[in-house]
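What follows is a set of notes on a single structure, which appears directly below.
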Amino acid sequence: MIRYAIRRIPSALLVLFLASIAVFALIHLAKGDPAALAAGPDASPAEIAAKRHQLGLDDSLASQYLNWLRGELTGDLGNAYISGGSIGELVRNGLGNTVELTSGAVVLALALGGAAGMGMGVSRRRPVNAVLNALTTLAFAVPTYVSGVLLVLVLAVIFPILPAGGHESLLRDPTIGVQYLIMPALCLSLPAAATIARFLATSMRQVLDEDFLATGVAKGLKTRRLLFRHALPNALPPVLTIVGIQIGQMLGGAIVVEAIFAWPGVGQLLRDSVLDHEYLIVQDLLLFAVAVFIVLQMITDLVHAYIDPRIRTEH
Amino acid sequence: MATLNVAAPMPVTPRQHRIRWLFGSPIATAGIAVVVTLFAAGLFAPLLAPFPPNGQTNAALQGASTTHLLGTDEFGRDVLSRILYGIRQDAIVAVVSVPAGALLGVSLGLLTGLAGWLDTILQRIFDVMLAFTALIAGVTVASIVGPGLPAVLVTVAVVNVPLFGRITRTSVLTLRNRDYVVAARVVGVRPIRLLVRHVLPNGVDPLIVQLALSLSLAVFIEGAMSFISLGVLLPQPSLGNMLQKSINYLDRNPWYAIGPMVVVTLLVVGFQLIADGLTHRLLRR
Amino acid sequence: MSDLYSANLSRRRFLAGSLGVGGAVLLASCTAAVSRDKSGRSKPVQGGTLRMVQTADIAPATLLSQNNPNFSICRTVFNTLTEYDHKTLDPKPSLATHWNISDGGKTYVLSLRDDVKYHTGRPFGPDDVVNVIDILKQDTTSSQLKHVAAICDARKTGANEVTLTFSQAVSNVFDLFEVMIVVDKETYPDLLAGRKFIGTGPFTMQSYRPGSGYTLKRNDQYWKAGRPYLDGVEVAVVTQSSSAVSSLRSGQSQLALDLAPLDAIGLKGSAGFQLVPSDAQDSVFYLGQNVTVPPLDKVEVRQAIAQAIDRERILSQVLGGIGHTSSIPWSPSSSAFDVSKRDTYRHDPAKAKQLLATAGASGASVDIYYNAGFAPNAGIAEIVQFDLTSAGLKATAKPQQAADFFSLLSGSGIPGLFVNVHGFGQLHPATLVKGAFPFNARANAERFTSQQYSDLATKMWTTTDQTAAKGVYADMNDLLIKEQFVTDLVVSSHTYTISTKLNGLAWNMFDYINLDDAYLST
């Protein structure tokens, strides 16, 4: 198993390295001049040129790439062009908030997806299945920007019980913080919940059809015990693999969800940085998003290989 | 959204009649009805729209009425008319970008069958491309070409390349050892002709399912990018940018939001239903 | 100028307007302390933390460039040399206690306070003033008052005295003293990088969290005895105006800066809140017309455009009715303000069409550029496009990203019309025509050059006699109204949306907020 893991690492690193070159090269194709923005509203061309030099924007591309990579590896991400503030800190602040949002969404996705999946997998009643099926189809397909606006319309405008948007740290004020978290986390969790539900349902149905459960029933085990102690543990592994992929997708989803709910996370930071030509921040965050995806994919592969040993020998 | 990983490669059998399947599945038929109706409405927007999409008046943020079925926006423009014109943006993306991305993806996928080293390189390229999930790809493209409809067009095309590429590659791998392909090769059919004339036609079913999924994804991406100001820019109406603006006015004219919400959902779900129906008919026996 | 076109503009960054309907009543009372305690208790309360939201993050690198988001720290962490009285517009002492003007207005001898310490404990002195002036002269610093600093030679002439010698007498030196924050010379590089914020103001920066906000703590060493009342200030950056409203409603914060006009108006009706437009009225929305681009090279076309725009609709649909439609750039507080010329251009499509026809420009194409990230400008651009189309021009909207817009503006120039905001119309008229980029007589955003104009601008700057100046102002107004390279639309202003619990909020004439006397009643 460990050997398999070690074998997977170089190719993941290679993809990551290629992605870093792609990100850097692509971003430098972009037009637009961050120096103009950094120099302030009324800067003269001379002031802008001075700023460009000060920001190192007139260095050669190769040296800009190496500087960037070095910064990336040493954790010194440099300073933002416009605000002059530390990018590391900007990213850390945003990341903290995004992790808060994503964690909330993962918890909700597991809870909702788990409940719906169990319901669909176990229930033999047609109406229940049909309703759950329709709900998961909708939750899967409806874009976050639709479900998000709908949530705001219903829970903040028609029945004003939750704030329309904004953020309060859970650590600083848990009661208020949770109120801010509910809608964005729910919105972000819906597609993942639907996917988890479908996988779990399929997996449960397969497990329930297997012999050892029939034996369980014969031995007279209680249904609930049967489900949770015997069926669920066997149905879970394939579902776990999909959870990893779903978390990887959430980072992309967070860009939209954070925009709807004014959540000050990396998604907002990325969007604003693109609009402001803050190449350094855009590069960092894109590479980060790609890295997260690659790492989660690798973990998923490993979990998969752990569950299904045949995979290990295939490659 | 999770559509990216939906089209996992699946084993296929070649089929002969591909017209009947479209209407053979009630789910797919429903999806087609919805999508065709909406796109037709967008196409005939100049005839159907009660007002010009950019016609401003003093009557801002009116609620729904018989004159303005979905009310007006912050500049007194008719929301319904703007939605009809907004659908056109999705239609453009669907008609231009999805086929372009699919074509490129299929071509690259076929190339993997030519040589081992080519396969390795293309596989890595697909890996890197897939590591950019749909919206991350959108942000990347927008930061290069700048926000606007072109950014959406490029994003949708780029996102589709590895999806179609991988499916095609799987078909190539499974089909190239089939008897008739081997036979053709022995007879001396040249490799490219072999791939295009013998392998591709028999691996087309999963590509068609992916096409439906990709159209759904295209509508999603247009909406999402426009919603975060990286896609279609105002005053040009699009479903995404209307929805974004409408958040500020939910209490004054909720129809401003509800209209685009319903249309986007119908389009996304409609294409998804087509894909579901096709999956049942084509890929499962 | 563009306090408003803050450096990193995001999607929903708005500003709000000025004197609205009913705002006039507030204006009279808001010079010093805006919100009186309703119960009649006016005894300040010591302690408490003010929680405040603003829609954009501060940008330390542009602290000397009149950048709107920074206005919450310019006068809370730092101080300026003098402060205008809002009614009489006379400068009042702050870090400078006395000033002696001699040599026909060329020499200013400033006596400085001797009891002021920077937050590091280092005493403030004349060298610090010399240092800021030097910084303003540098190429990497941009400031609208740079033209004043540029001709100034600053020297320490005593333990608490600094002498500024100008190469010629100019009328707007106190605008410089009002705007220029006196930074600490030892930590200036750290300030630019957002690492250390060392000033002499009533609060010290306890922590700055880029992108999300900052925390201020009471400066126990503050030179104004017994001030400030507050123990601290918590500032959160909430990029979405509607979310800032939620924050106010839930009681999470007591002050919001520059809410979206329509959101601010929405809150106006609710009990416990007050919408206060700044009396400085220094947010003027305008349409720039590049006079080198046909058909805008014809003055009749520019006038037709000025005539075609429905300013009333801009005021109500974009700015929530806060402000005044205007054809001249001045705030009512300016000595160049002339109420009889304010409404020279009114919405008159027929006349606009006729003017265009005479100029032979009917059906000509014009492009309208704007920063799409700044919602009011985007909204105004949409209205302008519609109005110009209705007047028979082929008007195309060209939405830009902030960075592209500003690099076009200050670089190769904008090839057509553009929507933007300017400030600096509230005090000395000279500051506008010398320092604000749309007007700058030496080189402006519209590429407008005229000997008459630059002569008038120089005359405005160097005429220190008030009565003589009046005539110059009248000539300048006539020229601006005729030439229309800048088409002014609405004179609006920054807004403060405050909970009635907050008392004693003040600001200077450039809208730096001042919390010296602010307190929270229970």
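Values below: every heavy atom of this structure, side chains too, minus hydrogens, waters and symmetry copies. Per chain, numbering begins at 1; letters A, B, ... match sequence-line order.
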*What option among A:Leu270, A:Val292, A:Leu138 has the most heavy-atom pairs under 4.5 Å with chain B?*
A:Leu270
*Can B:Asp127 and B:Arg166 be counted as an ion pair, charged N to O under 4.0 angstrom?*
yes
*Return the option, out of A:Thr144, A:Leu18, A:Ile294, A:Leu286, with the maximum number of heavy-atom pairs under 4.5 Å with chain B.*
A:Leu286
*Within the distance-only criterion (no hydrogens, no angle test), does the side chain of B:Gln89 pair as donor or acceptor with the backbone N or O of B:Ser238 below 3.5 angstrom?*
no
*Side chain, backbone, both or neither: which part of B:Val219 has a non-hydrogen atom closer than 4.5 Å to chain A?*
backbone
*Check side chain to side chain contact (heavy atoms under 4.5 Å, CB included) between A:Ala156 and all other residues, then give those that pass, not counting sequence neighbours.*
A:Val152, A:Ala164, A:Met183
*asked:* What part of A:Leu150 gets within 4.5 angstrom of chain B, counting heavy atoms only: side chain, backbone, both, or neither?
replied: both
*Work out which heavy atom in B:Ala134 is nearest to a heavy atom in B:Leu217; give both atom names and the distance.*
CB-CD1, 4.5 Å
*Check each atom of B:Leu239 against the heavy atoms of chain A and say whether the ones under 4.5 Å are side chain, backbone, both or neither.*
neither
*Select one option (side chain, backbone, both, neither) describing which atoms of A:Val15 are under 4.5 Å from chain B's heavy atoms.*
both
*Region of A:Leu26 that comes under 4.5 Å of a non-hydrogen atom in chain B*: both
_Applying salt bridge (Lys or Arg N to Asp or Glu O under 4.0 Å), can you list everything that pairs with B:Arg77, at least two apart in sequence or on another chain?_
B:Asp73, C:Glu382
*Check: A:Ser20/A:Tyr65 side-chain N/O donor and acceptor closer than 3.5 Å*: yes
*Examine whether an atom of B:Ala257 lies under 4.5 Å from a heavy atom of chain A, and if so say whether it belongs to the side chain, the backbone or both; otherwise answer neither.*
side chain
*Under 4.5 Å from a heavy atom of chain B, the part of A:Val282 involved*: side chain
